[in-house]
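Take a look at the structure below.
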Amino acid sequence: MSRYAEITGWGKALPPTVLSNADLELIVETSDDWITSRSGIKERRISHVAASEMAELAGRRAMAAAGIDAGGVDLILNATCTPESIIPASASYVQAMLGATKAGAMDLNANCSGFVYGYVMADSLIRAGAADTVLLIGVERLSWVMDYTDRSTCILFGDGAGAVVLQATSGEAGVLGSVLGVDGTMADILCVPNDGTIEPGSASAVTRIVMEGSDVFRRAVTAMADASETVVRQAGWEVDDIDLLVPHQANQRIIDATARRLKLDPARVMLNIHAYGNTSAATIPIALTEALEAGRVPPRGNLVFAAFGGGLTWAAAAVRFGERVMPRAEIEDDLPASDRSVWELLQPNFDYFGRLERL
Ligand code: ACO
């Protein structure tokens with residue numbers, strides 16, 4: 001009997017504190033008009049909790065939707081480029097918080113493409129019989145590596161988490177075509193320099209995202225459209241067969257240009273960038289969860305996931321969704337309330353970059 005991997009659960013966790021375009025107007029030379037017209041973003045969330053807490057909640061919501069408990073998870077894949085520590089992997093904290101005692105757990109870093117990389121890996125492991133149930137999480141706390149004096153980057157990024165449960169099934173579902181790509185020679189155009197072990201002990205190292213925005217933009221449109229076309233072809237579909245494109249949410253103009261190149265009706269594109277900005281590996285599972293909540297994923301629907309990001313990585317998957325598009329159960333729990341204002345949450349960044357300017 002053939003073995004496939006079906007998405008049986010989905011969930012998201014967004015911190016409550018909002019950083020709006022109007023807020024950004026107070027700290028950098030920009031305007032709501034500029035940010036909205038150039039990126040489609042109106043606001044983003046800033047987390048008051050560790051990334052693993054967002055990951056845990058998204059994971060528990062996804063497990064509830066799947067109708068499973070943590071003891072039934074074989075593997076946790078935690079896609080992130082903002083882990084809490086290098087050792088241990090953040091996935092270890094998430095596994096402990098969830099009480100997923102029988103699961104293996106690892107972080108996976110392909111930047112904004114991390115969720116799609118993880119999805120293709122999880123699907124393959126299940127098909128190969130190496131796992132029956134995988135919890136795949138995309139989580140980021142990008143506010144931690146943001147320079148809120150740099151208007152070309154700080155307007156784009158936010159914090160959040162999304163998760164899916166994949167389970168073995170005999171009904172045809174899961175990945176019908178996939179592309180995983182990278183151009184490591186261009187890694188420097190989007191990176192956090194001096195982070196990690198490249199310059200150990202460099203006390204004045206600047207730890208923040210730097211990006212050549214317009215170069216990244218051009219490459220993102222080409223790579224996302226090419227990869228999407230390839231996976232549609234691999235699946236044996238025409239573009240008209242796509243029920244919903246769930247793209248990485250980096251810039252609405254990148255998404256619009258990708259859809260135009262594919263000749264895909266904009267009504268078949270999931271967009272929520274206005275509310276959260278770019279949450280890197282978390283954008284697609286958050287967008288997929290919101291598409292399901294809005295009834296935009298039909299039973300056995302044809303979906304395309306497409307992403308692009310630091311590395312420079314890109315990835316796409318043509319996905320046949322399962323029969324069930326309603327959660328089996330939902331949980332009421334939420335992240336703890338925050339008693340700090342957005343400015344209090346951002347104070348460590350201001351202190352850090354203020355200090356650097358005086359060095
Ligand atoms: N407000 C006002 N003006 C601004 C701002 C701002 N926030 N930011 C830049 N500008 C100015 C620039 O200084 C420039 O001014 P100049 O012409 O006087 O030099 C002008 O606006 C145009 O700048 P561009 O960078 O050419 O603007 P562009 O239209 O390319 O938009 C943006 C910039 C939004 C950053 C876009 O390039 C983009 O979205 N790039 C891709 C981002 C992305 O996809 N990242 C990948 C994922 S990230 C990851 O993997 C972690």
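Small disclaimer: the values here were computed from a predicted structure and weren't measured. Residues: numbered from 1 along the sequence shown. As the structure lists them, so they are numbered: ligands from 1, and atoms in each ligand from 1.
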Considering only heavy atoms, does Leu156 approach ligand 1 within less than 4.0 Å through its side chain, its backbone, both, or neither? side chain
Does the residue Leu190 have a heavy-atom contact with ligand 1, meaning some pair of atoms that are separated by less than 4.0 Å? yes
If we number the atoms of ligand 1 from 1 as shown, the ones under 4.0 Å from a heavy atom of Met211 are 35 (C), 42 (C), 45 (N)
Nearest heavy atom to atom 34 (C) of ligand 1: which of Val192, Ile254, Asn251 does it belong to? Asn251
Quick one: which ligand 1 atoms are inside 4.0 Å of a heavy atom on Glu29? 1 (N), 2 (C)
State whether the side chain of Gln249 and the backbone N or O of Ser280 hold a donor-acceptor pair below 3.5 Å, judged by distance alone. no
Establish whether atom 14 (C) of ligand 1 and some protein heavy atom are separated by less than 4.0 angstrom. no
I'd like to know if Glu330 pairs up with Arg61 as an ion pair, taking the criterion as any Lys NZ or Arg NE/NH1/NH2 lying under 4.0 Å from an Asp or Glu carboxylate oxygen. no
Heavy-atom proximity to atom 51 (C) of ligand 1 ranks first, among Gly309, Ser113, Cys112, for Cys112
Which of the atoms in ligand 1, numbered in the order shown and given with their element, are less than 4.0 Å from a heavy-atom of Ile155? 7 (N)
With a cut-off of 4.0 Å, which atoms of ligand 1 are near a heavy atom of Gly310? 49 (C), 50 (O)
Can you tell me how far CG of Asn21 sits from CD1 of Ile35, rounded to the nearest 0.5 angstrom? 4.0 Å
Can you sort out which atoms of ligand 1 are near Phe157, meaning under 4.0 Å from one of its heavy atoms? 48 (S)
By number and element, which atoms of ligand 1 are closer than 4.0 Å to a non-hydrogen atom of Gly213? 37 (O), 40 (N), 41 (C)
Apply the hydrophobic cluster definition, ILVMFWY joined by side-chain contacts under 4.5 Å directly or through others, and give me every member besides Leu14. Tyr276, Ile286
What protein heavy atom sits nearest atom 31 (O) of ligand 1, and how far away is it? Arg253 NH2, 3.5 Å
Is the backbone N or O of Ile242 less than 3.5 Å from a side-chain atom of Arg268, with the two atoms forming a donor-acceptor pair by type? yes
Is Asp256 salt-bridged to Arg260, cutoff N-O under 4.0 Å? no
Evaluating non-hydrogen atoms only, which member of Arg38, Arg151, Glu140, His248 is closest to atom 22 (C) of ligand 1? Arg38
So, Arg44 and Asp159, do they make that salt bridge, N to O below 4.0 Å? no
Counting only non-hydrogen atoms of the protein, does one fall under 4.0 Å from atom 18 (O) of ligand 1? no
Just by distance, do the side chain of Gln252 and the backbone of Ile41 share a donor-acceptor pair under 3.5 Å? no
Would you mind running through ligand 1 and noting each atom that sits below 4.0 Å from a heavy atom of Ser214? 30 (O), 37 (O)
Assess whether a salt bridge exists between Glu229 and Arg233, defined as any Lys/Arg side-chain N lying under 4.0 Å from an Asp/Glu carboxylate O. no
All N/O donor-acceptor pairs, side-chain side in residues 72-80, below 3.5 Å, sequence neighbours left out:
unit_1, atom_1, unit_2, atom_2, d
Asp74, OD2, Asp132, N, 2.7
Asp74, OD2, Thr133, N, 2.9
Asn78, ND2, Asp107, OD1, 3.1
Thr80, OG1, Thr82, N, 3.1
Thr80, OG1, Val139, O, 2.8
Thr80, OG1, Glu140, OE1, 3.3

Between Thr313 (side chain only) and Ala110 (backbone N and O only), is there a donor and an acceptor less than 3.5 Å apart? yes
Could a heavy atom of Ser152 be found less than 4.0 Å from some atom of ligand 1? yes
Is Leu142 in contact with ligand 1, taking contact as a heavy-atom separation below 4.0 Å? no
Where is the nearest protein heavy atom to atom 1 (N) of ligand 1: which residue, which atom, and how far? Thr30 OG1, 2.7 Å
Looking only at protein heavy atoms, which one is nearest to atom 20 (C) of ligand 1, and how far off is it? Trp34 CZ2, 4.5 Å
Under 4.0 Å from a heavy atom of Asn278: give me the atoms of ligand 1 that qualify, with their elements. 47 (C), 48 (S)
Given side chains that start at C-beta, do those of Ile254 and Phe308 come closer than 4.5 Å, heavy atoms only? no
First locate atom CG of Leu176, then atom CZ of Arg320, and finally report the distance between them rounded to the nearest 0.5 Å. 5.5 Å
Identify, for atom 43 (C) of ligand 1, the protein heavy atom at the shortest distance, and state residue, atom and that distance. Val216 CG1, 3.7 Å
